[in-house]
Amino acid sequence: MGRFYITTPIYYVNDAPHVGHAYSTVNADAMARWHRLVGDDVKFLTGTDEHGQKVADAAEKNGLTPQEWTDRTSARFREAWDALGISYDDFIRTTEPRHYESVQKFLTAIYENGYIYKDVYKGLYCVSCEDYYTVEASIDGNCPIHGRPLTEMEEENWFFRLSAFEDKLLEYYDRHPGFVTPETKRNEAYSFIKGGLRDISITRSSISWGVPVPWDEKHVFYVWYDALINYMTAIGYGRADNEVEDWWPFSHHLIGKEIIRFHCVWWPAMCMAAGLEPPSHVQVHGWLLVGGQKLSKTMAQEGGVKLTDIAPVVLTNEFGVDPIRYYLLREAVLGNDGEFSHEGITARYNTDLANNLGNLVARVATVVGSKCSGLGPTPRADSSLRVEAETAIRDTAAAWDRFAPQSALEATWGLIGATNSYLERLAPWKMEPGPEVDAVMGDALEAIRLVTILATPAMPGVCDEIWHRIGLSGSPIDHSFQQIAIWGLYPGGSVEKGDPLFPRIKSES
RNA sequence: GGCGGCGUAGCUCAGGUGGUCAGAGCACACGGCUCAUAAUCGUGUUGUCGCGGGUUCGAGUCCCGCCGCCGCUACCA
């Protein structure tokens with residue numbers, strides 16, 4: 001039994017939850033469910049990032065205090081995750097007292113270790129943005145957003161000695177080949193480090209909506225710097241309820257590719273500076289893109305639109321929770337960009353879910369009803385399906401273990417296909433009731449039982465439902481994978497037909 | 001500009017270290033079946049593997065050039 005601490009990024013509350021967030025979160029959820037299934041001690045963390053000037057501004061615009069504003073916006077994420085069946089163990093908000101406490105302890109440790117110093121930050125400042133730009137980012141010295149002249153500004157700030165960790169980080173990467181996956185993203189981070197690291201300013205004195213610097217109350221920590229520490233807050237760093245040793249460094253950060261630098265450069269360096277091991281693994285995923293004018297006319301302008309306008313709730317209302325989860329996990333390879341489209345969801349739904357899985361369950365239930373009096377028989381130990389099942393079990397498990405949900409589901413669906421084929425070959429519906437039919441249907445039911453176990457990290461709701469329909473009590477997750485993902489354990493039971501699990505979606509064109 | 005990646009069947013994509021590597025799924029065609037959600041099963045078609053050279057007995061697979069697309073290039077969550 002191992003330990004598995006998995007995190008999503010904490011989402012910035014000024015965004016409304018969209019499919020991009022859901023993509024990260026559903027993948028993390030499936031991984032968490034998989035590891036619970038195999039008996040690991042799991043902690044699954046998600047949450048919201050609530051500091052920074054933009055939040056303060058948004059609050060003011062809405063006539064609320066920052067805290068009131070974030071109370072409201074953070075709740076939207078919880079609602080979205082509840083709707084998607086996200087089984088998080090902890091939902092962190094960076095405005096919580098526990099976070100302030102941990103951040104201050106963590107940064108004090110870095111400070112006392114000599115990696116934080118005071119200096120003057122000089123930069124080109126845009127008054128409208130209230131933000132700094134580099135020379136390269138500016139357009140002829142003007143703000144790229146407002147087009148107004150940038151002014152040279154100086155601000156006294158606390159700096160993190162990131163430059164001190166160049167060699168240590170490279171060494172860590174060299175010694176931990178799997179630190180960042182997939183490898184292309186690892187290389188990106190690696191070459192960034194190799195290109196030389198500059199110290200970063202980590203505090204602001206111009207704003208107040210943040211965690212105060214304990215040794216200099218005029219400053220608050222810059223949002224990203226406090227945000228990353230949420231991974232420590234959730235395991236009680238520096239507090240009475242400290243369980244860092246239980247969960248660190250058995251950590252897996254699932255992140256989108258846009259925040260690689262923070263998680264693959266800053267964060268491990270911060271951990272080192274605080275005297276901790278860096279996280280053990282950062283899994284980077286790509287983006288889902290909308291290539292054509294599939295989802296809405298307003299998105300048709302340009303190809304490759306990011307999915308910022310698509311609310312998870314809209315999708316779950318239309319297709320159901322499990323189908324959306326399935327689609328998000330199955331369609332794209334984790335780490336690559338993928339296509340997201342209404343047609344894509346419909347195609348997956350109809351072929352994989354309705355035609356393959358749903359129909360298999362339905363046809364088996366019908367034949368058991370007519371040929372076995374509705375009583376599911378037990379499987380044969382020497383069934384030819386057994387080989388297919390064992391292959392699926394092995395491949396599915398291996399894929400989940402290496403953060404490859406797409407591959408895991410593909411392997412599981414191999415067993416569904418094999419079972420449909422098996423039924424076709426033996427045609428039990430042509431047989432007279434008796435031992436022969438019983439044997440075939442017992443095998444099919446056993447395959448279905450195994451499928452519900454293998455697919456439960458992706459579609460917990462539907463898997464529970466199938467589990468019940470084949471006469472089993474409880475849920476696939478009631479026992480450890482190692483004990484139940486074995487051919488031959490289906491004890492028989494009363495099989496219920498029920499309504500179609502996934503009614504086909506008729507094309508509307 | 002620098003570094004890196006991509007371009008393989010109509011579609012989405014697999015293809016460590018060169019020799020059944022020309023593949024999978026979807027779509028499509030034909031045939032079977034009729035238990036099942038007009039579902040399912042079997043068989044099959046489709047490709048100059050971006051373009052042009054080169055190395056090699058042999059190259060999607062290595063090298064050079066070109067075309068097209070994309071990512072990163074520091075304080076934006």
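Treat the numbers as computed from the prediction; the structure is a model and nothing was measured.
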Only Watson-Crick and G-U wobble pairs with both distances less than 3.5 Å should count. Give RNA chain B in dot-bracket notation, marking inter-strand partners with |.
(((((((..((((.........)))).(((((.......))))).....(((((.......))))))))))))....
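- Residues A:Arg330 and A:Tyr422 both approach RNA chain B. Their nearest nucleotides, taken by heavy-atom distance, put A:Arg330 toward the 5′ side.
- The separation of B:A9 from B:A29, taken at their C1' atoms, amounts to 16 Å, rounded to a whole angstrom.
- Using a 4.0 Å cut-off, some side-chain N or O of A:Arg504 falls inside it from OP1 or OP2 of B:A39.
- A:Glu410 has its CD atom 18 Å from the P atom of B:G23, to the nearest Å.
- When the P atom of B:C72 is taken as reference, atom CD of A:Glu183 falls 19 Å away, rounded to whole Å.
- Between A:Trp158 atom CH2 and B:C75 atom C1' there is a gap of 18 Å when expressed in whole angstrom units.
- Between the side chains of A:Thr94 and A:Glu50, no donor-acceptor pair of N or O atoms lies under 3.5 Å.
- Counting atom types as modelled, A:Ser201 pairs a side-chain N or O with a base atom of B:C75 as donor and acceptor under 3.5 Å.
- For B:G5, the base is anti relative to its sugar; the glycosidic angle deviates from 0 by more than 90°.
- For the pair A:Thr184 and B:G71, the criterion of a side-chain N or O lying under 4.0 Å from OP1 or OP2 is not met.
- Aromatic ring pairs are classed by plane angle as parallel below 30°, tilted from 30° to 60° and perpendicular above 60°; the pair A:Tyr326 and A:Trp413 is tilted.
- For A:Arg330 (side chain) and A:Ala408 (main-chain N/O), no donor-acceptor pair under 3.5 Å exists by modelled atom type.
- We find that CZ of A:Phe192 is positioned 17 Å from P of B:C3, with the value rounded to whole Å.
- With P as the reference atom, B:U12 and B:G53 are 29 Å apart, rounded to whole Å.
- Across all strands, A:Tyr225 comes closer than 4.0 Å to no nucleic acid atom at all (heavy-atom distances).
- Rounded to whole Å, the separation between the P atoms of B:C75 and B:G23 comes to 50 Å.
- No salt bridge links A:Arg93 with A:Asp49; every basic N to acidic carboxylate O contact stays at or beyond 4.0 Å.
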Contact pattern, 5' to 3', of nucleotides 31-36 of chain B - B, S or - by protein heavy atom under 4.0 Å
-BSSBB
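- A cation-pi arrangement is found for A:Arg78 relative to A:Phe91, the charged atom lying closer than 6.0 Å to the ring centre and inside a 45° cone about the ring normal.
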A:His285 and A:Leu254: side-chain contact (heavy atoms from CB on, under 4.5 Å), yes or no, with the steps?
CA-CA 7 Å; A:His285 71 248; A:Leu254 182 64; 4.1 Å; yes
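- Going from atom NZ of A:Lys257 over to atom P of B:C70 covers 12 Å, rounded to whole Å.
- Separating the C1' atom of B:G52 from that of B:C67 is a span of 11 Å, rounded to the nearest Å.
- Using a 4.0 Å heavy-atom criterion, one finds that A:Ala354 contacts the bases of the nucleic acid, with or without backbone contacts as well.
- Geometric assessment of A:Arg425 against the ring of A:Tyr422 yields a negative cation-pi assignment under the 6.0 Å and 45° thresholds.
- In summary, the side chains of A:Trp267 and A:His253 do present a donor paired with an acceptor at a separation below 3.5 Å, with no hydrogens or angles considered.
- The same atom, C1', is picked in B:C41 and in B:A36; the two are 13 Å apart, to the nearest Å.
- A gap of 35 Å separates the P atoms of B:U55 and B:C13, to the nearest Å.
- To the nearest whole angstrom, the two P atoms, one in B:C11 and one in B:U34, are 38 Å apart.
- Formation of a donor-acceptor pair under 3.5 Å by the A:Ser191 side chain with backbone atoms of A:Glu188 is found in this model.
- At whole-Å resolution of the value, NZ in A:Lys194 and P in B:G4 are 11 Å apart.
- One atom, CD of A:Glu331, and another, C1' of B:U12, lie 7 Å apart when rounded to the nearest Å.
- Looking at A:Tyr231 and A:His263, their side chains do bring a donor and an acceptor atom within 3.5 Å of each other.
- Under a cutoff of 6.0 Å and an axis angle of 45°, A:Arg204 and A:Tyr222 form a cation-pi pair.
- If you take atom P in B:U48 and the same atom in B:A22, they sit 15 Å apart, rounded to whole Å.
- As a whole-Å value, the separation of A:Asn355 CG from B:A39 P is 6 Å.
- A cation-pi geometry, defined here as NZ or CZ lying under 6.0 Å from the six-membered ring centre and within 45° of its normal, holds between A:Lys257 and A:Trp287.
- Nucleic acid contact for A:Asn336: sugar-phosphate only, since backbone atoms but no base atoms lie under 4.0 Å from a heavy atom of the residue.
- Mapping A:Asp199 and A:Asp352 onto RNA chain B by nearest heavy atom places A:Asp352 at the nucleotide closer to the 5' end.
- Counting non-hydrogen atoms under 4.0 angstrom, A:Ile259 reaches nothing in the nucleic acid.
- Within 4.0 Å of A:Gly196, counting heavy atoms only, lies at least one base atom of the nucleic acid.
- In this structure, A:Asp499 reaches neither bases nor backbone, as no heavy-atom distance under 4.0 Å exists between it and the strands shown.
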